[in-house]
Amino acid sequence: METIGEHLDQTHRHFQHVTTPPAIIRQLIAWYDRHHRDLPWRVTPTAAAQGKRPDPYHIWLSEVMLQQTTVQAVKPYFAKFLAAWPTVADLAAAPTEDVMAAWAGLGYYARARNLKKCAEAVAGLYGGVFPDTEDGLRALPGIGDYTAAAVAAIAFNRPAVVMDGNVERVVSRLYAIDAPLPGSKPLMKTRVRDLTPEDRPGDFAQAMMDLGATICTPKRPACAICPLRDHCLAFSEHDPERFPVKAAKKEKPVRFGAAFVAVNPEGEVLLRRRVDSGLLGGMTEVPTTDWTARQDGGQTADHAPFRSAWQSCGTVTHVFTHFELRLSVFRAKADETIHPGGWWEPVANLGAQALPTVMKKVISQAIPLAFEKDPNR
DNA sequence: GAGACGTGGAC
DNA sequence: TGTCCAAGTCT
């Protein structure tokens, strides 16, 4: 068995002279050739060997959608976006409202706003052609260190150092890195830089991520079938789940508020648009009170957008990344002439709106079948 | 650098 | 049921 020390020596030699990659890289790539996941945006190693290249637009779109988001959640959104906007120029020309509505439900809505800005930049500044360098990509809206490296490596075969949660987990186990994240990130990046090969860097990055997603999982990793087992310090120490070590999390506060679902005689619901920045920025909502830390009476129908016979419909609880929200939901028949700062939308059209999940929950609570006739389903 | 920023699935 | 967390970015 090759030791970690021998491996590092080989890696070092590898970068002094371009030569055969070390065993750990060869084994990882061989595993990837055999066990890679087939994904809609991905070109398989076989197809790549026949000269097929990934579409940078597809890679970029998928990478942005995959930020903090599971493959399963992304797949239908990726298909929907490609069908609606086959090229980056199409996306650049699309109304922002349409993009936000298409993104609704996927979360982290700043991604959708930046997606549109990035498409406009690529279409306007670069004639619809993505920059093919890490630095060029990094300068675009919504593209950070990870996405710039991933697109550079996967779409353009550049030896960029791709660091994501999967890679952090794999490398922290490989080298049994005891220092907690995020402080240990620079050390991990150094390790990954030393591993990244000049040959097939994109497949190396995807192999690391596939390994992290399917074998080197956070819980109960499948070390028995891991191609890197013989190189893994965490495996040799018999406790791979100990890695990566992370800083302790903080407790999630609770906020309270009230939400108001008004229905006019035409069967339309009163909606409004949230400001572009911050939580759910640019998304659609029903009128609500402010969301405050204290349950102090500010959550009653007294604080509705207008006077009416508001009926209580119970509460909706929704957990965001950094707080839990408990909304008291109210419903009322309304005069259709009353529309303070919003608009009236037919119930049958609600499925086409840019409604975040929390608002779909609120409306469903007040109008149980509101999304049953969703024209998008 | 730490906090803001969504959602749904797995255990 | 609660906890974790998934191909991060921006400020």
Side-chain angles (χ1 to χ4, degrees), chain A residues 36-37 39-42 54 58-78 100 103-115 117-118 137-155 160-170 180-183 185-186 189 192 202 204-214 216-220 241 244 246-255 274-283 285 291 317-325 354-361:
Chain A
H36 64 85
R37 291 178 290 175
L39 301 171
W41 45 85
R42 182 177 274 180
H58 296 189
I59 300 302
W60 163 73
L61 180 60
S62 68
E63 289 301 343
V64 173
M65 287 182 167
L66 285 162
Q67 291 166 9
Q68 297 290 285
T69 309
T70 57
V71 165
Q72 186 182 337
V74 164
K75 278 181 178 174
Y77 284 85
F78 180 79
M100 300 306 288
W103 196 277
L106 200 53
Y108 283 139
Y109 299 100
R111 291 185 295 171
R113 301 194 296 273
N114 285 328
L115 190 82
K117 287 184 200 163
C118 184
L137 291 159
R138 180 70 179 79
L140 291 165
I143 298 187
D145 289 341
Y146 162 74
T147 304
V151 175
I154 298 168
V161 181
V162 179
M163 290 293 298
D164 79 327
N166 286 306
V167 178
E168 287 172 2
R169 187 168 55 255
V170 171
L181 282 168
K185 225 165 186 168
K189 186 159 186 174
V192 176
F204 168 76
Q206 294 180 97
M208 289 285 276
M209 293 191 280
D210 276 22
L211 189 74
T214 63
C216 195
T217 49
K219 305 293 180 190
R220 299 174 56 82
E241 275 189 39
K246 294 186 177 180
K249 297 189 168 67
K250 290 181 179 168
E251 198 171 329
K252 212 165 268 196
V254 181
R255 291 188 201 168
R274 292 176 63 88
V275 295
D276 276 320
S277 61
L279 187 71
L280 307 178
M283 299 296 283
E285 66 175 3
W291 304 343
T317 296
H318 190 78
V319 182
F320 293 100
T321 306
H322 54 298
F323 68 94
E324 176 182 320
L325 178 63
L355 289 164
T357 296
V358 61
M359 288 300 150
K360 290 188 173 175
K361 284 191 196 174

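So you know, we letter chains A, B, ... as the sequences are listed, proteins then strands, and number each from 1. Just so it is clear, the values below take in all heavy atoms, side chains as well, and ignore hydrogens, waters and symmetry mates.
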Legend entry - Partner set under side chain to side chain contact (heavy atoms under 4.5 Å, CB included) for A:T70, not counting sequence neighbours: A:Q72, A:A73

Inset, instruction - Using the test side chain to side chain contact (heavy atoms under 4.5 Å, CB included), find all partners of A:P76 that sit at least two apart in sequence or belong to another chain. - result: none

Legend entry - Test side chain to side chain donor-acceptor pair (under 3.5 Å) applied to A:R111 - qualifying residues, sequence neighbours left out: A:T69

Inset, instruction - Return the set of residues passing side chain to side chain donor-acceptor pair (under 3.5 Å) with A:E241 (not counting sequence neighbours), or none when no residue passes. - result: none

Mind checking [X] for me? I need base, sugar-phosphate or nothing, with any heavy atom below 4.0 Å counting as a touch.
X	answer
A:L39	base
A:T147	sugar-phosphate
A:V71	base
A:W41	base

Inset, instruction - Could you check A:K249 against A:P141 and say which one's nearest nucleotide on DNA chain C is further toward the 5' end? - result: A:K249

Without decimals, in angstroms, what is the distance between [X] [atom1] and [N] [atom2]?
X	N	atom1	atom2	answer
A:D276	B:dA4	CG	P	21 Å
A:N114	B:dA4	CG	P	19 Å
A:M163	C:dT9	CE	C1'	16 Å
A:L137	C:dT9	CG	C1'	15 Å
A:K250	B:dG1	NZ	P	14 Å
A:D210	C:dA6	CG	P	15 Å
A:R255	B:dC5	CZ	C1'	11 Å
A:M100	B:dC5	CE	P	14 Å

Inset, instruction - Output yes when at least one side-chain N/O atom of A:H322 is less than 4.0 Å from OP1 or OP2 of B:dC5, else no. - result: yes

Legend entry - Salt bridge A:D276-A:R113, side-chain N to carboxylate O under 4.0 Å: no

Legend entry - B:dG6 versus C:dT3 - spacing of their P atoms, nearest Å: 22 Å

Inset, instruction - Using the C1' atoms only, state how far C:dA6 lies from B:dC5, rounded to an integer number of Å. - result: 15 Å

Legend entry - Closest listed nucleotide, where the reference is the side chain of A:R169 and the choices are C:dC10, B:dG3, C:dA6: C:dA6

Legend entry - Evaluation steps, ring-ring contact (aromatic ring centres under 6.0 Å, His included), between A:H322 and A:F320: CA-CA 6 Å; A:H322 54 298; A:F320 293 100; 7.3 Å; no

Inset, instruction - State which residues pass salt bridge (Lys or Arg N to Asp or Glu O under 4.0 Å) with A:R37; sequence neighbours excluded, sorted by chain then number. - result: A:D210

Legend entry - Nucleotide-resolved protein contact map, nucleotides 6-11 of chain B, B/S/- at heavy-atom distance under 4.0 Å: BBS---

